[in-house]
Engineer: 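After the structure tokens below, expect a handful of questions from me.
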There are 2 protein chains.
Amino acid sequence: MTKTSKDANSPASDPFVFEQPCPIRDVLDRIGDQWSLLVLESLAPARRRFSELQRAIGDISKQMLSRTLKQLEQDGFITRTVYPEVPPRVEYELTELGRSFEQPMRELVQWADSNHRQIVEARARYRATR
Amino acid sequence: MTKTSKDANSPASDPFVFEQPCPIRDVLDRIGDQWSLLVLESLAPARRRFSELQRAIGDISKQMLSRTLKQLEQDGFITRTVYPEVPPRVEYELTELGRSFEQPMRELVQWADSNHRQIVEARARYRATR
DNA sequence: AAATATTGGTCTAATTAGTAGACCGTGGGC
DNA sequence: GCCCACGGTCTACTAATTAGACCAATATTT
């Protein structure tokens, strides 16, 4: 979803078609990737350093963690603080914007938690009928 | 995030590390991809057929739309109804589970809408200081 | 009668994104 | 002197995504 142009065959008149640049698309492109939500959730309870985040998420590669953090910093969700020590220490922390995102994120997580069973059941049902 | 194993160096004792199979991870893996949220949002106001969804989202490939819909159906978010006409008509509709997801999704979208400006500004600020 | 368009997909080849793991610099402990 | 810790980056390999051809069956156009 990197393309912002390509409004071919999208009559702006049709209110059903997403506008193209669309704030929702723009934001969802960022937080709707494989890792951003997980990182934000890890950062919600407390500031963390790079290696803590990596351990917490478990199966993210350094490169993707690095890239995700950079994007989140860019978009103003988190701050990055470097402590000039050796070995280096870098801490990531939610900004006010990032903290304001906690509420909708929590709802999402809560929904996931409440409905996980149903989803698992749906999957089993699907496998049975395929 | 296809891997569910690989709990190497993740002491189950550490409450900060995500459990591994984790309902939140499991659900986020599904709806936290590039397209699922967009599809669900498109389906929120009304049932849609395949081509309508493709036009609405605009820059999704047929293959990814097809795959996304299949996953959402598998997980019980939507139903798929085939009408034996020619040319074929296939309609997708939210299930009750899918509709129950509207609430947290709406909050997310609302947040995105409200905070989009701030994010754009943060990006500009970042570019200025890089 | 013969093309042509329509719809919901699938298949293949080419591009792009993501992964694992080596590597780097610097200072502290052994 | 030697190796470890930390936060990355770089490279080579692998996995995911895309664009576009193709399909079946009928209705419409020429």
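Chain letters run A, B, ... following the sequence lines, proteins first, then strands; residues in each count from 1. The basis for the numbers below is simple: all heavy atoms, side chains too, and nothing from hydrogens, waters or symmetry mates. Just so we're clear, the structure is a prediction, and the values are computed from it rather than from any experiment.
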Engineer: Does B:P87 or A:K62 map to a spot on DNA chain C nearer the 5' end, using the closest nucleotide for each?
Structural biologist: B:P87
Engineer: Please pick, from D:dT18, C:dT19, C:dG8, the nucleotide with the shortest atom-to-atom distance to any side-chain atom of B:R49.
Structural biologist: C:dG8
Engineer: Just checking A:Y83: base, sugar-phosphate only, or nothing, at a heavy-atom cut-off of under 4.0 Å?
Structural biologist: nothing
Engineer: Against the six-membered ring of B:Y83, is B:R89 placed for a cation-pi contact (under 6.0 Å from the centre, within 45° of the normal)?
Structural biologist: yes
Engineer: Rounded to whole angstrom units, what separation is found between the CH2 atom of B:W35 and the P atom of C:dA17?
Structural biologist: 12 Å
Engineer: In terms of side-chain heavy atoms of A:K70, which of D:dT9, C:dT10, C:dT19 is nearest?
Structural biologist: D:dT9
Engineer: Rounded to the nearest Å, what distance is computed from the CD atom of residue A:Q54 to the C1' atom of nucleotide D:dC6?
Structural biologist: 11 Å
Engineer: Mind checking whether A:F101 and A:F77 have parallel, tilted or perpendicular rings, split at 30° and 60°?
Structural biologist: perpendicular
Engineer: Using OP1 and OP2 only, check whether a side-chain N or O of B:S51 sits under 4.0 Å from C:dT6.
Structural biologist: no
Engineer: D:dC10 P sits how many Å from A:M64 CE, rounded?
Structural biologist: 16 Å
Engineer: Would you kindly give the CG-to-C1' distance between B:D29 and D:dA16, to the nearest whole Å?
Structural biologist: 15 Å
Engineer: A:R67 side chain N/O closer than 4.0 Å to the phosphate oxygens (OP1, OP2) of D:dT9?
Structural biologist: no
Engineer: Rounding to a whole Å, what distance do you find between A:E85:CD and D:dG7:C1'?
Structural biologist: 13 Å
Engineer: Name the one of B:L94, B:L43, B:L40 that satisfies side-chain contact (heavy atoms from CB on, under 4.5 Å) with B:E102?
Structural biologist: B:L94
Engineer: With a 4.0 Å cut-off on N to O distance, would you call A:D113 and A:R106 a salt bridge?
Structural biologist: no
Engineer: Taking the basic N atoms (NZ, or NE/NH1/NH2) and the acidic carboxylate oxygens, is any pair closer than 4.0 Å for B:R49 and B:E91?
Structural biologist: no
Engineer: Would you mind telling me which of D:dG7, C:dT26, C:dT7 lies closest to the side-chain atoms of A:V86?
Structural biologist: C:dT26
Engineer: Of A:E91 and B:P88, whose closest DNA chain D nucleotide lies nearer the 5' terminus?
Structural biologist: A:E91
Engineer: Between atom CG in B:L65 and atom P in D:dA16, what is the gap in whole Å?
Structural biologist: 19 Å
Engineer: Without decimals, in angstroms, what is the distance between B:E73 CD and C:dG8 P?
Structural biologist: 15 Å
Engineer: OP1 or OP2 of C:dG21 sitting under 4.0 Å from any side-chain N/O of A:S61?
Structural biologist: no
Engineer: With heavy atoms under 4.0 Å as the rule, sort A:Q63 into base, sugar-phosphate or nothing.
Structural biologist: base
Engineer: Could you tell me how far apart B:E52 (CD) and C:dT6 (P) are, to the nearest whole angstrom?
Structural biologist: 15 Å
